[in-house]
Visitor: 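One structure coming up, written as structure tokens, with questions to follow.
In what follows, every chain begins at residue 1, and chains take the letters A, B, ... in the order their sequences are listed.
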Amino acid sequence: MAAAGAVTTVAASYVPRTRDSFLHLLSKAVTLSHLTELHAQLLHNGFQSDIATTTKLTHRLFDFSAVHHARSLFFSFPEPDRFLCNVLVKGLASNESPRSAIAAFKRLRERKSIDLGPDNFTYAFVIPAAASVGDVKVGISLHGQVIVGGFCSDLFIGSALIDLYFKLGRDDMARKVFDEMPERDAVLCNTMVSGLGRSSRFEDSIGIFRRMVSGDGPKVDCTTVISVLPAVAELQDMRLGLEVHCLAIKLGFYSHVSVLTGLISLYSKCGAIRSANLLFGQIGRRDLISWNAMISGYAQNGLTEAAVSLFQEMQMSNVSPNPVTITSILSACAQLGALSLGQWVHGLIKSNKFDSNIYVSTALIDMYAKCGSIVEARRLFESIPNKNDVTWNAMISGYGLHGHGQEALKLFHEMVSSGTPLTRITFLSILHACSHSGLVKEGEQIFKSMKRDHGFEPISEHNACMVDILGRAGKLKEALDFIEGIPGDPGTPIWSTLLGACMVHKDTNVARMASEKLFESDPGNMGYYVLMSNIYSSDKNYPGAAFVRQVAKKRNLSKTPGCTLIEIHQKPHVFKAGDWSHPLSRAIYAELERLNGKMKEAGYQAETMTSLHDVEEEEKELMVNVHSEKLAIAFGLLSTEPGTEIRIFKNLRICLDCHTASKYISRVTQRVIVARDANRFHRFEDGVCSCGDYW
DNA sequence: CTAGGGTTAG
């Protein structure tokens with residue numbers, strides 16, 4: 001059969017054909033081998049210098065990604081015209097790389113023997129290629145050629161140039177091209193709306209949109225709505241968001257997937273996750289991007305469990321994840337401390353070859369650091385060739401989280417010498433690292449150099465970091481002086497930081513001052529009452545503690561319940577204070593009893609009922625109830641082999657008693673205990689914590 | 001020629 005088929009094919013190739021029949025067959029070809037065969041027939045029939053069939057064949061070869069074949073066909077052709085050149089440039093841009101398209105374009109221009117005289121179509125192909133390469137020189141030269149060629153008022157080229165300048169980071173030039181256009185259509189304006197949004201010029205992006213809505217210029221179309229949504233989302237402008245949503249409904253775009261996706265992202269960023277979810281349910285055919293938007297929406301709003309289960313649902317719907325999906329899931333893993341899920345995702349990344357994506361690799365570093373594997377995070381960091389500012393920031397803050405201040409400092413200086421641009425977040429990360437490691441001098445130096453050498457004016461978060469550095473180190477007087485020196489209102493976060501420092505250093509006087517400011521500026525926040533009450537308790541001022549709690553109670557405030565998570569054999573177990581709901585509760589409490597005995601022998605002193613004589617019954621119970629941290633640790637000890645590291649995650653800051661107890665437990669059991677709390681990591685080993693009690 | 005989704009700090 002096969003032999004017979006081959007004979008027929010060969011025979012067919014000797015049938016002479018006309019140009020029209022060749023053109024017809026070329027456009028009908030459905031496989032690359034058809035095309036190759038037709039090429040052979042063209043040569044056999046003497047069509048090698050026919051421009052129409054050669055152009056068609058080149059075009060079709062690019063359709064099948066036969067780049068080499070197409071290229072050699074082109075260059076063996078003696079006198080290509082503009083159209084054939086356009087086919088080559090366009091084909092290279094979409095098949096091979098924008099770079100080779102630009103290179104081909106340049107070569108063609110240099111071949112003076114051919115009168116190329118690139119037309120507006122050529123520019124419409126080559127300008128986007130230059131834009132995606134981000135080559136400034138090529139870009140500016142192309143703009144010059146457009147002016148010389150007299151194509152300035154061409155709307156296609158105008159839009160391409162505007163987009164090019166945005167991608168080159170020259171929004172001033174984009175604006176200039178836009179302003180000088182004699183006539184504007186929707187595409188041109190849309191290019192401006194989206195470009196301004198991508199350049200973080202959110203208000204300006206919305207400004208162009210508003211003008212279109214008010215009837216000044218071309219009418220708003222579907223793309224306009226889609227393009228303006230990211231800017232609205234970034235500003236978290238819910239009012240405008242609702243306006244845009246209404247407009248979309250009015251114009252009939254309400255069921256358009258991209259519009260709905262943009263709205264989902266908008267509502268997620270505004271914290272309106274219910275609305276986002278509602279819209280997600282309205283999408284007829286969910287595509288990859290809409291799944292991603294919803295997954296990321298959940299992850300951003302702390303609904304990490306929901307994010308992970310939607311990820312699973314997405315895979316069951318036979319939609320394959322891409323690097324964007326992976327990034328959101330890794331961010332959820334990092335928040336959850338879900339190392340085993342994170343490792344599984346890492347496997348997925350390797351098998352899908354997503355490693356080279358910088359968002360993915362940065363999110364991986366962050367995940368490993370936040371899940372306790374700082375060594376693995378660093379190993380990955382070293383293997384990344386194209387690190388950006390965010391990558392460095394993630395690694396520096398990872399070290400900070402683990403209390404490795406010196407490593408963080410070393411990396412910070414390496415970052416400076418690497419020439420990577422520093423950002424405000426870089427300074428927040430390194431200042432936090434200093435505060436978590438008690439590096440006061442170093443922190444002060446960096447704070448000074450931030451303004452002096454790098455031109456960053458400190459914002460309130462940086463000031464809060466400095467207060468934290470001084471406060472944690474016990475320099476409460478200096479911290480107060482520092483606050484005095486801040487121009488204007490220092491702001492709530494600063495006082496809250498100071499209050500936290502008072503907790504560590506049991507300074508009731510400064511604490512009272514800070515808490516007064518806080519109760520005044522943010523009376524509905526239970527956190528400050530809890531903190532103040534804990535400060536009184538740790539100073540053994542139980543009536544004071546009880547009083548603060550009573551005030552909070554009268555104001556009907558409730559505390560976020562503390563809970564601790566531990567993963568055993570890839571299964572999560574969550575404990576609350578005084579929890580008896582776990583099936584192994586009896587064994588867990590027995591283990592705690594046993595541990596208490598051993599810890600006391602080693603010198604541990606727990607708060608006892610007798611020391612709480614001035615406290616009301618209800619308060620007493622709260623104070624001596626077995627905290628979730630201890631339950632999780634005891635369960636971990638029972639469920640793992642001796643010597644295994646215990647990893648726990650707490651949603652709030654670990655309390656003083658549990659911190660001390662964990663140190664003792666690590667000694668008497670000879671186990672390493674790693675505790676991730678709301679602030680940082682604590683690694684307890686042989687009676688010592690890695691935080692050096694700077695918690 | 002334009003359009004929706006992603007990483008770091010708090």
Visitor: The side chain of Leu428(A) lies closest to which of these nucleotides: dG6(B), dA9(B), dT7(B)?
Guide: dA9(B)
Visitor: Using the benzene-type ring in the case of Trp, are the ring centres of Tyr368(A) and His346(A) under 6.0 Å apart?
Guide: yes
Visitor: Go through dG6(B), dT2(B), dG10(B) for me and flag the one nearest to the Arg198(A) side chain.
Guide: dT2(B)
Visitor: Tell me what Ile365(A) touches on the nucleic acid: a base, only sugar-phosphate, or nothing, going by heavy atoms under 4.0 Å.
Guide: nothing
Visitor: Counting only side-chain heavy atoms from C-beta out, which of dG6(B), dT2(B), dT8(B) sits nearest to Thr191(A)?
Guide: dT2(B)
Visitor: For the pair made of NZ in Lys219(A) and C1' in dT2(B), what is the distance, rounded to whole Å?
Guide: 18 Å
Visitor: Could you please name the option among dT8(B), dT2(B), dT7(B) that lies closest to any side-chain atom of Ser194(A)?
Guide: dT2(B)
Visitor: Considering only dA9(B), dC1(B), dG6(B), which nucleotide approaches the side chain of Lys269(A) most closely?
Guide: dG6(B)
Visitor: For Ile384(A) and Ile358(A), what are the C-alpha separation, side-chain angles and deciding distance, and is it a side chain to side chain contact (heavy atoms under 4.5 Å, CB included)?
Guide: CA-CA 8 Å; Ile384(A) 298 176; Ile358(A) 191 63; 3.8 Å; yes
Visitor: Looking for any heavy atom pair under 4.0 Å, which part of the strands does Asp154(A) touch: base, sugar-phosphate only, or nothing?
Guide: nothing
Visitor: Where the side chain of Pro128(A) is concerned, which of dG6(B), dG5(B), dC1(B) is the nearest nucleotide?
Guide: dC1(B)
Visitor: Hey, is Tyr359(A) doing a stacking thing with dT7(B), by the 5.5 Å centroid and 30° angle criteria?
Guide: no
Visitor: dG5(B), dT2(B), dG6(B): which one has an atom nearest the side-chain heavy atoms of Thr327(A)?
Guide: dG6(B)
Visitor: Is it true that Asp171(A) and Arg175(A) make a salt bridge, defined as a side-chain N closer than 4.0 Å to a carboxylate O?
Guide: no
Visitor: How long is the gap from CG on Leu428(A) to NE2 on His462(A), to the nearest 0.5 Å?
Guide: 4.0 Å
Visitor: Which of the following nucleotides, dT2(B), dG4(B), dT7(B), is nearest to the side chain of Asn190(A)?
Guide: dT2(B)
Visitor: OP1 or OP2 of dG6(B) sitting under 4.0 Å from any side-chain N/O of Gln300(A)?
Guide: yes
Visitor: Would His245(A) and Tyr254(A) satisfy ring-ring contact (aromatic ring centres under 6.0 Å, His included), going step by step from the backbone distance to the final call?
Guide: CA-CA 8 Å; His245(A) 193 170; Tyr254(A) 49 85; 9.3 Å; no
Visitor: Determine whether a donor-acceptor pair (one donor, one acceptor, N or O, separation below 3.5 Å) exists between the side chain of Asn322(A) and the base of dG6(B).
Guide: no
Visitor: Quick one: which of dA9(B), dT2(B), dG5(B) gets closest to the side chain of Lys370(A)?
Guide: dA9(B)
Visitor: How many Å lie between CG on Leu263(A) and P on dG5(B), as a whole number?
Guide: 11 Å
Visitor: For Val193(A), which contact category applies under a 4.0 Å heavy-atom criterion: base, sugar-phosphate, or nothing?
Guide: nothing
Visitor: Touch check for Pro323(A), heavy atoms < 4.0 angstrom, all strands: base, sugar-phosphate only, or nothing?
Guide: base
Visitor: Do the ring planes of Trp344(A) and Phe311(A) sit parallel (below 30°), tilted (30 to 60°) or perpendicular (above 60°)?
Guide: perpendicular
Visitor: Please list, by residue number, the residues of residues 220-232 of chain A whose heavy atoms come closer than 4.0 Å to an atom of DNA chain B; answer none if no residue qualifies.
Guide: Thr223(A), Ile226(A), Ser227(A), Pro230(A)
Visitor: Consider only side-chain N and O atoms of Asn277(A) and Tyr298(A), and report whether a donor and an acceptor are under 3.5 Å apart.
Guide: yes
Visitor: Roughly how many Å is it from CD1 in Ile264(A) to P in dG6(B), rounded to a whole number?
Guide: 12 Å
Visitor: Would you kindly check whether a donor in the side chain of Asn357(A) faces an acceptor in the base of dG6(B), or vice versa, at under 3.5 angstrom?
Guide: yes
Visitor: May I ask you to decide if the ring planes of Phe151(A) and Tyr123(A) are parallel, tilted or perpendicular, using 30° and 60° as cut-offs?
Guide: tilted
Visitor: Provide, to the nearest angstrom, the distance between the CG atom belonging to Asn388(A) and the P atom belonging to dG6(B).
Guide: 16 Å
Visitor: Under 4.0 Å between a side-chain N or O of Ser397(A) and OP1 or OP2 of dT8(B)?
Guide: no
Visitor: Heavy atoms under 4.0 Å, any strand shown: does Leu330(A) hit a base, just sugar-phosphate, or nothing?
Guide: nothing
Visitor: Can you figure out which of dT8(B), dG4(B), dG10(B) approaches the side chain of His432(A) most closely?
Guide: dG10(B)
Visitor: Output the distance between atom NZ (Lys176(A)) and atom CE (Met181(A)), rounded to the nearest 0.5 Å.
Guide: 13.0 Å
